Amino acid sequence: MKNKSTFGFLWQVMGKNRAFFILAVGCMLIGVVFSYISPVLVGTIVDSVVGSKPFDLPAPIVSYIENIGGREFLFNNLWICALVYLFFVGISGLFNGLRQYFAARLSEGISINLRQRMHSHILKLPFRWHMESQTGDTLQRCTTDIETVRNFIAIQLTDLVRVVSMIVVAFVLMFALNVPLASIAFATIPLSFFVSLYFFKKIRNSYRYTEEAEGALSSATQEAFAGVRVVKAFGMEKHTLTNFNKLNETYSELWIKLGKMFAVHWSFGDFMRQFQVAVVVVAGVFFVVNGSITAGNFVTFMMYIRTVTRPTRMLARIVADMGKVGVSIDRLRQILDLEEEAPKPDEGEHEVRGDIVFDNVSFGYEDGKVLDGLSFTIKEGETFAILGGTGSGKSTITYLLTRLYDADEGTITIGGRDIRTFEKMSLRRQMGLILQEPFLFSKTIMENLRMLYPDASDEEIFKATETAHVHRSISNFPQGYDTMLGERGVTLSGGQKQRVAIARTLAADPPVLIFDDSLSAVDTETDAGIRKALKERDKKVTTIIISHRATTLMEADRILVLKDGKLSQLGSHDELLREEGIYSRIWNIQSLLEEELSEKEGE
């Protein structure tokens, strides 16, 4: 989607809806033709029916008029002229109505297409982009900006073609009637055009600032509502409201500035329109008096002037909307032009089986290196634990293993195959990643549990929930597995959400399970029960557990201790306790704390 022009972009996203655009333009042109026949009819009535000037019409029409009684018959039956006039006005209105219908179909088709493209494209963008972008701004692009494009297409796009065609046709017809008077009438058009062009450039920049301010406001609103628990818990209402008010005032000030620009431009446009009409009236009366133009032709000319001045005024509004839609299209294209996380030519469907090997792996974010020459092996079917302080690179290991990021240096292999030769979606489907902060959708519990494996039987679901120690909790709900969850799963407690997320992953039965500190929200007893149930499952499943809780890691086959992105210790629980190092110190501290808590509970 590399089109640089606004209209090139719109033509591309029209796709199969281009037929509606062609039909809309066709109906618009027919409507314009009939709208210009009406003034000719009025001028003819004034000059050749009320007046005595010979009919200046095509020969077949003049012949027909003579056959029915000529000028005298029409003069005595002016209602016939009125009916003919209404007929042409009605035909013009009919085709204008069809134009609006086809334009509406076109705009809806494009908005559906854009929404689908944006949604699909955003889901396929790299994980890094999602981590760095603001949700509120992205939502605004997918809603407000698409709606701006839709409104422009539904109303202004065909109007633009209509306005230009009306001005061109009027230009030709008016010069055919009287060259001097037409020259006077069009003298102000170039000035209005250059003023509109200047206004377009000014308003485009203003709209850009306004859209950015609205995006910041949307992000602040989304964060405040999503984090309302934190806001309430820490009494941050005043701080949150102050921040919102600042953004809201900035947004309002930008719109006030836009309002001033509109007022100046539209006032200038109205003045030029009235000035144009006044000059033409004065000049036209002078030309009628000295015989340069007939009264009927002057009436026709004045009706043409009306058809020119109205489109000229509309042009100012269209120019304003073009500035706005141009900004919206730029904002949409900023996302659509981003490269998707597409499979590379050497990637393919491969089964995730075998040992997982990190060989001299290094990786860093923009703020510095996180992993530095890390090497270790996870044997197939073993339970492998990772312990480390904040920022030591624990979660980064899971990001690299699931190819949310690719390593800067070194290689990661599974069963001897470099994971960069795995198709990303296939690799991730076979990696059961359970995050520290689980996300549940606003659906029933059963729908959430089947999300990763839609074909799972009830028995498989129940087995997964029993392993996650959540089956009994779900069964105690009035609607059981059909319980509808609130947004982000707020119907459940923190521990219940965590266990439902674990069960959802277990139901898909992936060959590799990764618990990224996802057992932290459950109590020690439930934690132990989940780990025991996991050990009783298929021995070929490789399980990786990341946790700050040493008791969660103690039963793992091997434990990796990270420090500053490097391997500090590696071994079983018993082996690491016999060493002087981070693990033994953490174990001793946590054991002492648990003993003190037990003593207090026993008092």
Side-chain angles (χ1 to χ4, degrees), residues 225-230 232-233 383 385 395 398 402 428-549 551-553 555-556:
F225 292 159
V228 67
R229 290 182 178 179
V230 176
K232 289 287 187 182
T383 299
S395 293
T398 68
T402 52
R428 290 167 190 167
R429 281 194 298 269
Q430 299 179 75
M431 294 276 185
L433 176 60
I434 307 162
L435 299 171
Q436 181 181 6
E437 297 180 3
F439 186 93
L440 300 179
F441 295 86
S442 300
K443 299 177 180 291
T444 65
I445 294 176
M446 183 60 81
E447 286 174 321
N448 271 278
L449 291 169
R450 280 205 170 100
M451 195 153 288
L452 302 181
Y453 183 28
D455 297 329
S457 65
D458 288 349
E459 290 73 18
E460 290 172 316
I461 294 294
F462 296 153
K463 181 182 177 182
T465 55
E466 287 170 356
T467 301
H469 281 236
V470 74
H471 174 71
R472 181 178 297 178
S473 297
I474 297 173
S475 300
N476 288 334
F477 292 138
Q479 274 112 12
Y481 281 81
D482 293 325
T483 300
M484 181 65 69
L485 300 182
E487 188 176 359
R488 300 173 67 90
V490 295
T491 309
L492 306 177
S493 68
Q496 288 171 334
K497 281 196 294 184
Q498 194 68 269
R499 284 177 281 159
V500 169
I502 292 171
R504 178 176 59 189
T505 303
L506 294 177
D509 197 24
V512 177
L513 279 173
I514 306 172
F515 293 83
D516 187 359
D517 210 10
S518 49
L519 295 173
S520 59
V522 300
D523 58 80
T524 307
E525 184 178 349
T526 304
D527 177 7
I530 293 173
R531 286 185 283 108
K532 181 181 178 181
L534 288 172
K535 276 190 169 292
E536 295 172 356
R537 288 171 65 89
D538 187 355
K539 299 299 182 183
K540 292 184 179 180
V541 175
T542 302
T543 304
I544 302 172
I545 300 176
I546 298 173
S547 179
H548 293 298
R549 187 188 291 167
T551 53
T552 301
L553 310 178
E555 295 179 5

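Because the structure is a prediction, the values reported are computed rather than measured.
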Undergrad: I'd like to know if the side chain of Glu466 reaches the main chain of Lys463, judged simply by a donor and an acceptor atom lying under 3.5 Å from each other, with no hydrogens or angles considered.
TA: no

Undergrad: Using a 4.5 Å cut-off on heavy atoms from C-beta on, say whether the side chain of Leu449 contacts that of Tyr481.
TA: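 With C-beta onward as the side chain, the pair touches.
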
Undergrad: Using 0.5 Å steps for rounding, measure from the CZ atom of Phe462 to the CD1 atom of Ile474.
TA: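 Here the interatomic distance stands at 9.0 Å.
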
Undergrad: Side chains of Arg450 and Ile461, heavy atoms from C-beta outward: is any pair under 4.5 Å?
TA: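 Heavy-atom side-chain distance check passes, below 4.5 Å.
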
Undergrad: Any donor-acceptor pair under 3.5 Å linking the side chain of Arg428 with the backbone of Thr402?
TA: yes

Undergrad: Quick one: are Lys443 and Leu485 in side-chain contact, heavy atoms under 4.5 Å?
TA: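 The answer is no; the side chains never approach within 4.5 Å.
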
Undergrad: Evaluate the side-chain hydrogen bond (donor to acceptor under 3.5 Å, both in side chains) criterion for residues Asp516 and Ser395: first the C-alpha distance (whole Å), next the side-chain angles of each, then the deciding distance (0.1 Å), finally the verdict.
TA: CA-CA 7 Å; Asp516 187 359; Ser395 293; 3.1 Å; yes

Undergrad: Between Thr398 and Ile546, is the side chain to side chain contact (heavy atoms under 4.5 Å, CB included) condition met? List the steps.
TA: CA-CA 9 Å; Thr398 68; Ile546 298 173; 3.4 Å; yes

Undergrad: In the structure I gave you, are the side-chain heavy atoms of Gln479 and Ile445 within less than 4.5 Å of one another anywhere?
TA: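 Gln479 vs Ile445: side chains apart.
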
Undergrad: Using side-chain heavy atoms (C-beta onward) and a distance below 4.5 Å, is Phe477 in contact with Gln496?
TA: yes

Undergrad: Is there a side chain to side chain contact (heavy atoms under 4.5 Å, CB included) between Leu440 and Arg504 once you walk through the steps?
TA: CA-CA 10 Å; Leu440 300 179; Arg504 178 176 59 189; 3.7 Å; yes

Undergrad: If we only count heavy atoms from C-beta on, is the Glu447 to Phe441 side-chain gap below 4.5 Å?
TA: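 Heavy-atom side-chain distance check fails, nothing below 4.5 Å.
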
Undergrad: For Ala468 and Ile502, work out which heavy atoms get closest and say how close.
TA: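 Looking at all heavy atoms of both residues, the closest pair is CB-CG2, 4.0 Å.
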
Undergrad: For Thr505 and Leu433, work out which heavy atoms get closest and say how close.
TA: OG1-O, 4.1 Å

Undergrad: Decide yes or no on side chain to side chain contact (heavy atoms under 4.5 Å, CB included) for Thr383 and Ile545, but give the supporting numbers first.
TA: CA-CA 7 Å; Thr383 299; Ile545 300 176; 3.9 Å; yes

Undergrad: Could you pull out the closest heavy-atom pair between Ala464 and Ala503, with the gap in Å?
TA: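 Minimum heavy-atom separation between Ala464 and Ala503: CB-O, 3.4 Å.
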
Undergrad: I need the Arg499 CZ to Arg472 CZ distance, nearest 0.5 Å.
TA: 11.0 Å

Undergrad: Flag the pair Ile514 / Ile434 as yes when at least one side-chain heavy-atom distance between them is below 4.5 Å, and no otherwise.
TA: no

Undergrad: Report the C-alpha distance between Tyr453 and Asp509 in whole Å, list the side-chain angles of each, state the deciding distance to 0.1 Å, and finish with yes or no for side chain to side chain contact (heavy atoms under 4.5 Å, CB included).
TA: CA-CA 9 Å; Tyr453 183 28; Asp509 197 24; over 6 Å; no

Undergrad: In the structure I gave you, are the side-chain heavy atoms of Leu513 and Leu506 within less than 4.5 Å of one another anywhere?
TA: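 The answer is yes, as the side chains (C-beta and beyond) meet within the 4.5 Å cut-off.
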
